[in-house]
Undergrad: 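The structure is given below, and queries will be raised subsequently.
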2 protein chains.
Amino acid sequence: MYTIGQLVKQFELSRSTLLYYDKIGLLQPSARSAANYRLYTKDDLQRMSQIFLYKEAGLSLEVIAQILDEQSNQPTAILEQRLNQLNTEISQLRQQQQLIIELLGKESLLRTSRVMDKAQWVAILKASGMDEQAMKQWHIEFERGLPEAHQDFLESLGIGQDEIGKIRGWARLE
Amino acid sequence: MYTIGQLVKQFELSRSTLLYYDKIGLLQPSARSAANYRLYTKDDLQRMSQIFLYKEAGLSLEVIAQILDEQSNQPTAILEQRLNQLNTEISQLRQQQQLIIELLGKESLLRTSRVMDKAQWVAILKASGMDEQAMKQWHIEFERGLPEAHQDFLESLGIGQDEIGKIRGWARLE
DNA sequence: CTTAAACTATGAAGCTGTAGTCAGGTCAAA
DNA sequence: TTTGACCTGACTACAGCTTCATAGTTTAAG
């Protein structure tokens with residue numbers, strides 16, 4: 001049996017958090033002491049570590065509760081959905097990066113920032129021995145093996161949708 | 001003079017949002033009609049589009065208000081700070097992706113997901129004509145030109161910090 | 001001219017996932 | 001016995017809105 005303070009230390013979260021989980025029914029201690037203290041069993045700990053895991057994956061408490069309580073629903077679908085959501089979130093953040101770089105007036109900052117440019121990427125590939133032909137081939141292979149990731153990668157270089165469309169177009173054809 | 005509804009259409013946001021902006025003082029209409037309707041001037045529109053821009057960059061309303069109202073503070077520093085924040089946010093989301101892929105049992109999903117694997121990346125480079133030597137050179141160039149981006153990219157392939165450390169280590173030396 | 005739809009107003013409460021504060025009850029050790 | 005560490009429930013605050021309730025105004029149709 002563990003008190004609330006012990007869980008707080010184990011999982012490095014605040015007491016308020018556990019109180020809240022109790023209140024919303026996500027993690028309710030299996031017992032109470034004579035003095036009405038919350039007492040968590042090993043099963044509760046087990047449940048808590050599941051919650052922790054899913055939280056790290058970015059799931060909402062509501063969704064976590066669904067997974068844990070309605071056993072019928074296997075988590076696979078939910079996790080896949082979250083994976084998709086993550087893709088859109090990341091791409092939104094990348095758009096924010098590109099916008100800020102524009103606002104800052106490009107040149108000065110591109111060098112210091114960790115955001116890559118199309119030109120910089122091409123320069124690196126050239127410097128490591130790739131020629132035009134090899135790069136074309138690289139796009140083709142990328143598109144064949146991981147079309148979605150190809151799209152994401154080009155976006156991350158700040159290339160516009162129109163140009164991306166063209167590149168992927170001819171990469172698919174060959 | 002524009003009513004609140006006209007702004008709603010122009011900027012594609014909800015009326016409640018504008019009411020809220022009014023309340024917190026971020027965007028207060030310059031005038032009111034006889035019936036006490038909010039009336040926005042062209043200057044207000046101008047201000048709104050600035051707000052919109054900074055919002056797209058992911059700045060908080062509080063920070064936006066600072067930039068717009070305290071003209072002394074040039075936005076550069078704030079934007080650079082946001083750029084840094086974006087890097088950590090993106091890398092957190094990538095960690096969530098990797099975790100979910102683990103939870104899903106890897107193999108089945110890696111093929112359909114848009115997340116790249118080290119193996120997949122290497123396969124693409126090989127298929128487009130790179131050999132071991134060229135890849136080594138590629139790391140060296142990447143590290144020399146954009147060390148931070150190199151780190152980010154390796155992280156995005158799900159490579160552990162220890163291995164990343166090794167790769168960047170020898171890439172720096174040569 | 002009337003009436004209904006479509007607009008506008010104010011104010012309050014709700015949402016998520018915590019963090020923190022309060023006044024007090026409990027418990028083990030010195 | 002008294003300290004001090006722990007615990008209790010209940011409350012407030014945060015961002016950036018949304019929703020709700022209630023009501024006044026404008027505009028177009030009939």
Side-chain angles (χ1 to χ4, degrees), chain A residues 1-41 44 47-48 50-68 78 82 85 89 92-93 96, chain B residues 1-41 44 48 50-68 78 82 85-86 89 92-93 96:
Chain A
M1 297 291 211
Y2 309 84
T3 67
I4 199 170
Q6 290 168 320
L7 260 81
V8 163
K9 273 176 207 147
Q10 282 218 28
F11 292 95
E12 296 192 321
L13 33 76
S14 79
R15 188 183 79 103
S16 316
T17 303
L18 285 170
L19 293 186
Y20 180 66
Y21 289 0
D22 188 353
K23 188 149 112 192
I24 65 173
L26 179 59
L27 179 70
Q28 286 174 331
S30 305
R32 291 285 189 145
S33 78
N36 201 30
Y37 285 15
R38 269 161 260 256
L39 294 177
Y40 296 88
T41 63
D44 296 334
R47 187 178 168 95
M48 184 61 225
Q50 296 242 57
I51 292 171
F52 191 76
L53 199 61
Y54 286 124
K55 239 174 48 122
E56 280 191 302
L59 299 186
S60 75
L61 300 185
E62 196 186 351
V63 167
I64 295 175
Q66 279 174 27
I67 294 180
L68 295 184
I78 295 174
R82 173 69 186 147
Q85 205 189 8
E89 282 177 27
Q92 280 166 6
L93 293 186
Q96 292 191 4
Chain B
M1 297 291 212
Y2 310 84
T3 66
I4 199 170
Q6 291 168 321
L7 260 81
V8 163
K9 273 174 207 147
Q10 283 217 28
F11 292 95
E12 295 193 322
L13 33 76
S14 81
R15 194 180 80 100
S16 330
T17 303
L18 285 170
L19 293 184
Y20 179 67
Y21 288 0
D22 187 354
K23 188 151 118 192
I24 64 172
L26 178 59
L27 179 70
Q28 286 174 330
S30 305
R32 292 282 189 146
S33 78
N36 200 30
Y37 284 16
R38 269 160 261 254
L39 294 177
Y40 296 87
T41 65
D44 296 336
M48 184 61 226
Q50 295 241 58
I51 293 171
F52 191 77
L53 198 62
Y54 287 124
K55 237 175 52 120
E56 281 191 300
L59 298 187
S60 76
L61 300 186
E62 196 187 351
V63 168
I64 294 175
Q66 280 173 26
I67 294 180
L68 295 185
I78 295 174
R82 173 69 188 148
Q85 204 190 8
L86 280 169
E89 283 177 27
Q92 279 165 7
L93 293 185
Q96 292 191 4

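Naming: A, B, ... by sequence-line order, numbering from 1 per chain. On a predicted model such as this, the values are computed, not experimentally measured, just so you know.
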Undergrad: Is the shortest side-chain N/O distance from K55(A) to OP1 or OP2 of dT18(C) below 4.0 Å?
TA: yes

Undergrad: Out of dT19(D), dT8(C), dA9(C), which has the shortest distance to the side chain of S16(B)?
TA: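 Per side-chain heavy atoms of S16(B), the pick is dT19(D).
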
Undergrad: Do any N or O atoms from the side chain of D22(A) and from the backbone of L19(A) form a donor-acceptor pair under 3.5 angstrom?
TA: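 No.
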
Undergrad: When you compare the side chain of D44(A) with that of L7(A), does any pair of heavy atoms fall below 4.5 Å?
TA: no

Undergrad: The side chain of R15(A) lies closest to which of these nucleotides: dT21(C), dC6(D), dA9(C)?
TA: dT21(C)

Undergrad: Does T3(B) put a side-chain nitrogen or oxygen below 4.0 Å from OP1 or OP2 of dC7(C)?
TA: no

Undergrad: Strictly below 4.0 Å: does R32(B) bring a side-chain N or O up to OP1 or OP2 of dT8(C)?
TA: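 So the side-chain polar atoms of R32(B) never come under 4.0 Å of the phosphate oxygens OP1 or OP2 of dT8(C).
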
Undergrad: Regarding T17(A), tell me which of base, sugar-phosphate or nothing describes its non-hydrogen contacts under 4.0 Å with the strands shown.
TA: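 It contacts sugar-phosphate atoms only.
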
Undergrad: Quick one, give me the B/S/- string for nucleotides 23-29 of chain C, reading 5' to 3', where B means a protein heavy atom under 4.0 Å from the base and S means that only happens at the primed atoms, P, OP1 or OP2.
TA: --BBS--

Undergrad: Below 4.0 angstrom, which residues in residues 19-30 of chain A have at least one non-hydrogen atom near DNA chain C?
TA: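 Result for residues 19-30 of chain A: Y20(A), Y21(A), sorted by number.
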
Undergrad: Look at the side chain of S14(A) and decide which nucleotide, out of dA9(C), dA19(C), dG16(D), has an atom nearest to it.
TA: dA19(C)

Undergrad: Given dG16(D), dT8(D), dG17(C), identify the nucleotide with an atom nearest to the side chain of S60(A).
TA: dG17(C)

